[in-house]
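One structure is given below, encoded as structure tokens.
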Amino acid sequence: MKRVAILGPSTFSEEATRHFLGEDFTYVSYKLISEVFNATSSGETDLGVIPIENTLEGSVHLHVDWLVHEVDLPIRAEWVFPIDMNLIGYPAPEGRTDESNPFGYIRKVLSHHVVPAQCSRFMKQYLSGAEFEQVSSTAEGVRIVSSLQDPSVAAIGTAIASTNYGVPMLQKEIQDHKDNMTRFLLVGKEASELKPSEDMKTTILVTLPEDYPGALHQVLSAFAWRRINLSKIESKPTKKKLGTYYFYIDIAGSLDSVLLPSAIQEIEAIGCQVRILGCYPSYPYTN
Ligand SMILES: O=C(O)C(=O)Cc1ccccc1
């Protein structure tokens, strides 16, 4: 069975990956996302799973940075999964109940750094007196809460973490939007056989030549006149020189098509550097 590195166990990454890949894989849990990248890169696992983008927050920049700067792992698939955030902790100690705010006794909330933006309304209303502390995963927050057994410290995480660590669910589904989706990437050195998808995507990084006015316009027009659809374009610092950027571009379509390789050739011809991060199937959410 193929081995898949995930941030886990009992995380949103695990929920999303089991839903997508099923049980014909061996899941190997790592505490840090850097360990997920490194395990996949070193061959300890065949594949790795990276949460890359959320409906509300956009890209998880730290993870994009790893993909671009630290490893050379092609993207093999992407899928979307709905995320239900839950407040997990212990009930109010006796004498600490507050009519106006049932969670007013909570002083600290532990979770993954992408979480507060996804439950900002709930946190503002009920947890404004609590300090947020970032931990390596939502499950790690629940694990710490279970070890402290202190009602003033709570976590935000998955229902499965509440069950597995034996910490009560205080409030279900506290995310701002019911359709709170996260996009996950499957990365790996070798292609894996996956279910067919109607949608293929290609992700490229483009570095513009210096001193070439209008270079970005030229890049975009290489796609535009071929009627190639871009689903995302983001500029990011190259990290080599202040003020220099590359563009992270998601393209609807496959490198097997005639048009896309010719668009890339045209971009290279004007002096841009192009790195292909992957050409892969994309899956919408189906339950
Ligand atoms: O910490 C987790 O549970 C993760 O898998 C990372 C994450 C956190 C919040 C939304 C999606 C993924």
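Note that this is a predicted model, so its numbers are computed, not measured. Heavy atoms only: backbone and side chains are in, while hydrogens, waters and symmetry mates are out.
- Counting only heavy atoms from C-beta outward, the side chains of H19 and W79 never approach each other to under 4.5 Å.
- By the 4.5 Å heavy-atom criterion applied to side chains, L87 and I106 are counted as neighbours.
- Under the 4.0 Å criterion applied to side-chain N and carboxylate O atoms, K108 and D150 are not assigned as salt-bridge partners.
- Smallest separation of non-hydrogen atoms from G89 and V145: CA-CG1, 4.3 Å.
- In this structure, L110 is a member of the same hydrophobic cluster as M169, with clusters built from ILVMFWY side-chain heavy atoms closer than 4.5 Å.
- Under the 4.0 Å criterion applied to side-chain N and carboxylate O atoms, R107 and E131 are not assigned as salt-bridge partners.
- In terms of modelled atom types and a separation under 3.5 Å, the side chain of S42 and the main chain of A39 share a donor-acceptor contact.
- For the pair K236 and V68, the minimum side-chain heavy-atom distance is 4.5 Å or more.
- Using a 4.5 Å heavy-atom threshold, the side chains of L62 and H113 count as touching.
- Using a 4.5 Å heavy-atom cutoff, the side chains of H177 and R121 are in contact.
- Looking at N54, its side chain never comes within 3.5 Å of a backbone N or O of T182 through a donor-acceptor pair.
- Summarising the local packing, CD of Q149 is surrounded by more than 12 heavy atoms from other residues, nucleotides or ligands at distances under 6.0 Å.
- Residues T11 and E14 have side chains in contact (heavy-atom distance under 4.5 Å, counting atoms from C-beta outward).
- The CD atom of E78 sits 7.0 Å away from the OG1 atom of T203 when rounded to the nearest 0.5 Å.
- The neighbour count for K195 NZ, taken as heavy atoms of other residues, nucleotides or ligands under 6.0 Å away, is above 12.
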Note to self: Apply salt bridge (charged side-chain N to carboxylate O under 4.0 Å, His left out) to residues K2 and E190 and explain how you reach the verdict.
What the structure shows: CA-CA 11 Å; K2 288 218 162 156; E190 278 169 36; 5.5 Å; no
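- To the nearest 0.5 Å, atoms CG (L170) and CD1 (I156) are separated by 10.5 Å.
- Side chains of S120 and D176: a donor-acceptor N/O pair is present below 3.5 angstrom, by distance only.
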Check: Between E53 and E234, is a side-chain contact (heavy atoms from CB on, under 4.5 Å) present by the stated rule, with each step listed?
Finding: CA-CA 12 Å; E53 186 172 1; E234 248 173 32; 5.5 Å; no
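- The hydrophobic clustering, which links ILVMFWY residues whose side-chain heavy atoms are closer than 4.5 Å, places Y248 and I264 apart.
- Without hydrogens or angle criteria, S235 side chain to Y246 main chain gives no donor-acceptor distance under 3.5 Å.
- When every heavy atom of S282 is checked against every heavy atom of S197, the shortest pair comes out as O-OG, 2.6 Å.
- Aromatic ring orientation, F81 versus Y285: perpendicular (interplanar angle above 60°, classes split at 30° and 60°).
- Annotation: E268, atom CD; neighbour count of heavy atoms from other residues, nucleotides and ligands within 6.0 Å is above 12.
- Of the possible donor and acceptor atoms, none in the side chain of S10 sits under 3.5 Å from a partner among the backbone N and O of I160.
- Pairing each heavy atom of T202 with each of L255, the nearest pair is OG1-N, 3.8 Å.
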Next item on the list: Would you please test V49 and Y27 for side-chain contact (heavy atoms from CB on, under 4.5 Å) and show each step?
Entry: CA-CA 10 Å; V49 172; Y27 295 111; over 6 Å; no
Next item on the list: Take D179 and T55, measure what side-chain contact (heavy atoms from CB on, under 4.5 Å) needs, and give me the verdict at the end.
Entry: CA-CA 8 Å; D179 290 328; T55 319; over 6 Å; no
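- Across every non-hydrogen atom of M123 and F132, the tightest pair is CE-CD1, 4.0 Å.
- Of the residues listed (N180, N86, D84), the one engaging Q175 in a side-chain hydrogen bond (donor to acceptor under 3.5 Å, both in side chains) is D84, and it is the only one.
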Next item on the list: Go through Y283 and F20 one step at a time and tell me if the ring pair (Phe, Tyr, Trp, His ring centres under 6.0 Å) criterion holds.
Entry: CA-CA 9 Å; Y283 303 85; F20 174 60; 5.0 Å; yes
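- Taken from CD in E173 to CE in M85, the straight-line distance is 12.0 Å, to the nearest 0.5 Å.
- A5 and T40 get closest at one heavy-atom pair: CB-OG1, 3.9 Å.
- Taken from CD in E266 to CD1 in I270, the straight-line distance is 7.5 Å, to the nearest 0.5 Å.
- Hydrophobic clustering (side-chain heavy atoms under 4.5 Å, transitive across Ile, Leu, Val, Met, Phe, Trp, Tyr) keeps L47 apart from V71.
- Separating the CD1 atom in I267 from the CG atom in L208 is a distance of 9.5 Å, to the nearest 0.5 Å.
- With a 6.0 Å radius and a threshold of 12 heavy atoms from other residues, nucleotides or ligands, K232 has its NZ atom above the threshold.
- A pairwise comparison of heavy atoms in L194 and L21 identifies CD2-CD2, 3.8 Å as the closest pair.
- Between R76 and S192 there is no side-chain heavy-atom pair separated by less than 4.5 Å.
- Distance check: L185 CG to I52 CD1 gives 4.5 Å after rounding to the nearest 0.5 Å.
- With hydrophobic clusters built from ILVMFWY side chains whose heavy atoms lie under 4.5 angstrom apart, M200 does not share a cluster with L260.
- For S136 (side chain) and K31 (main-chain N/O), a donor-acceptor pair under 3.5 Å exists by modelled atom type.
- At least one side-chain heavy atom of Q218 sits under 4.5 Å from a side-chain heavy atom of Y212.
- Residue-environment remark: CD (E198) stays at or below the threshold of 12 foreign heavy atoms within 6.0 Å.
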Next item on the list: Decide side-chain contact (heavy atoms from CB on, under 4.5 Å) for L216 and I233; before the verdict, give the C-alpha distance in whole Å, the side-chain angles of both, and the deciding distance to 0.1 Å.
Entry: CA-CA 11 Å; L216 179 60; I233 174 161; 4.2 Å; yes
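- Note: F103 and F122 have tilted aromatic rings, judged against thresholds of 30 and 60 degrees for the angle between ring planes.
- Transitive grouping of hydrophobic side chains (ILVMFWY, heavy atoms separated by less than 4.5 Å) brings L67 and L7 into a common cluster.
- Side-chain contact annotation: Q171 with Y126, donor-acceptor N/O pair under 3.5 Å absent.
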